[in-house]
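Single-structure report; data block below.
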Amino acid sequence: MEWTTSELRQSRGVIEHYGEYLPISSSTPIVSLGEGNTPLVYCPRLSKRAGRGCEVFVKNEGVNPTGSFKDRGMTVAVSKAMEYGANALICASTGNTSASAAAYAARAGILSIVILPAGKIATGKLVQAFAYGAKIVAIDGNFDDALRIVRELGDGHEFVIVNSINPDRIAGQKTAAFEIVDVLGDAPDFHLLPVGNAGNITAYWAGYREYQAQQRSTRLPAMIGFQAAGTAPIFYNRCVEKPETIASAIRIGNPASWKQARAAIAESRGAIDVVSDQEILAAQSWLARHEGIFVEPASAAAIAGFFKCCDSDEAAYSFEKIPEASRIVCTVTGHGLKDPDAITQRMKELKPVAATVNDVRRAIGL
Ligand code: F0G
């Protein structure tokens, strides 16, 4: 069968679904891998932690084509780059942007160049960049250094920058807010998410506002962002020279969309807060074991943050007195398999036993 008719070409993807809200025209060649339409999972055990009849949902962005939310923005950024006649894409990355850029560039048939902090990228993400055929340059520096270099190289118009400083990326990413409203019937009361370079919180806020302006929703959520304590420039209100955290995806000391994130938090009457590496790892494990959702450490920052809002006197935003039956959405941004190092440590406990039913019964503890 010939796959040439438009119905057969692409039945899914954020441009297909939300094109009227995106900077797309009939002359934009659509580069899509079927991203978006990710599950908004109702989580009974998280809801119980919040109490007061609240409902907690996890927006699982880890099930996008390359395993992170970046694909939503990348389909738009790469489609637009092709419309402009680009020959190559370039990005700095803590891992996920590079995986996504490399995949969409491969799909479009153009070169992707990714600049990464050497030795600081989670295994699964680096594997992806190699698999999709990116030109990879590792630098002796951090993400902020990589982005500075990319900005300079992008100035020459040789490359299209596909970091979230590219407005087409933000446009694509705002579709996650649309999807949440479309499923819930209105915006939630609270939206929690991890913050690194601060593009995603900017995009969600733009999406919620746009949908409200179009009368697709009646309210706006309070946006609550979480940074890792060792790399929390927005929380501390100063650049962090040597950002450190187990959540390598958000190891960023000078976020590009700092101002926009501040505006989203202020306008939505939300908050910015910090969570420790220990809290992040505990939340990662809790979510996998209690709700069946395995996410990378940076994503678990949103869940650690949720627990902090529920339980801690020190939380920047307390859920102690939130209205009954509030709806809370936590975005988990990337799949757990991308960054398995913390879990593989535990696999050392696995010792083989003899291949008999009795030995296996004993090992199970029966
Ligand atoms: N979660 C994950 C899994 C990420 O990869 C990132 C950012 C964030 C959260 C934070 O999102 O930057 O929009 O505030 N990763 C970028 C990258 C920086 O290069 O992959 P943000």
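These numbers come from the heavy atoms of this one structure, side chains and all, not from hydrogens, waters or symmetry mates. Note that ligands are numbered from 1 as they come in the structure, with each ligand's atoms numbered from 1 the same way. Throughout, numbering of the chain's residues begins at 1 and tracks the sequence. Keep in mind that what you see is a predicted model, and the values were worked out from it rather than measured.
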>> Taking E279 first and then K308, would you say they form a salt bridge - that is, a charged N and a carboxylate O separated by under 4.0 Å?
In response: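 K308 and E279: not salt-bridged.
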
> Do D182 and R216 meet the salt-bridge criterion of a basic N to acidic O distance under 4.0 Å?
Replying inline: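 Yes, R216 and D182 are salt-bridged.
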
Whether the [X] and [Y] side chains hold a donor-acceptor pair (N or O, under 3.5 Å, no angle test) is what I'd like checked.
X: S98; Y: K125; result: no
X: E83; Y: T28; result: yes
X: K338; Y: N96; result: yes
X: K70; Y: Q173; result: no

> Is atom CD of E320 surrounded by more than 12 heavy atoms (other residues, nucleotides or ligands) closer than 6.0 Å?
Replying inline: no

> Hey, is ligand 1 close enough to K125 that some N/O pair sits below 3.5 Å?
Replying inline: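 No: no nitrogen or oxygen of K125 is under 3.5 Å from one in ligand 1.
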
> Distance under 6.0 Å and angle within 45° of the ring axis: does R107 meet both against Y104?
Replying inline: no

> F307 ring centre to R49 NZ or CZ under 6.0 Å, with the angle to the axis within 45°?
Replying inline: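 R49 over F307 ring: yes.
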
Tell me which protein heavy atom sits closest to [atom], plus the residue, atom name and distance to 0.1 Å.
atom: atom 5 (O) of ligand 1; answer: N96 ND2, 2.8 Å
atom: atom 8 (C) of ligand 1; answer: I250 CG2, 3.6 Å
atom: atom 11 (O) of ligand 1; answer: F69 CZ, 3.5 Å
atom: atom 20 (O) of ligand 1; answer: T97 N, 2.8 Å
atom: atom 4 (C) of ligand 1; answer: A249 CB, 3.5 Å

Test of understanding: given a 4.0 Å heavy-atom threshold, classify the contact between [X] and ligand 1 as side chain, backbone, both, or neither.
X: S93; value: both
X: T202; value: neither
X: I252; value: side chain

>> So is S164 touching ligand 1 or not, going by heavy atoms under 4.0 Å?
In response: no

> Between K338, E296, K70, R169, which one has a non-hydrogen atom sitting closest to atom 16 (C) of ligand 1?
Replying inline: K70

Please could you name the atoms of ligand 1 that [X] approaches to less than 4.0 Å, counting only its heavy atoms?
X: N197; value: 12 (O), 14 (O), 21 (P)
X: V195; value: 14 (O)
X: T333; value: 1 (N), 2 (C), 3 (C), 9 (C)

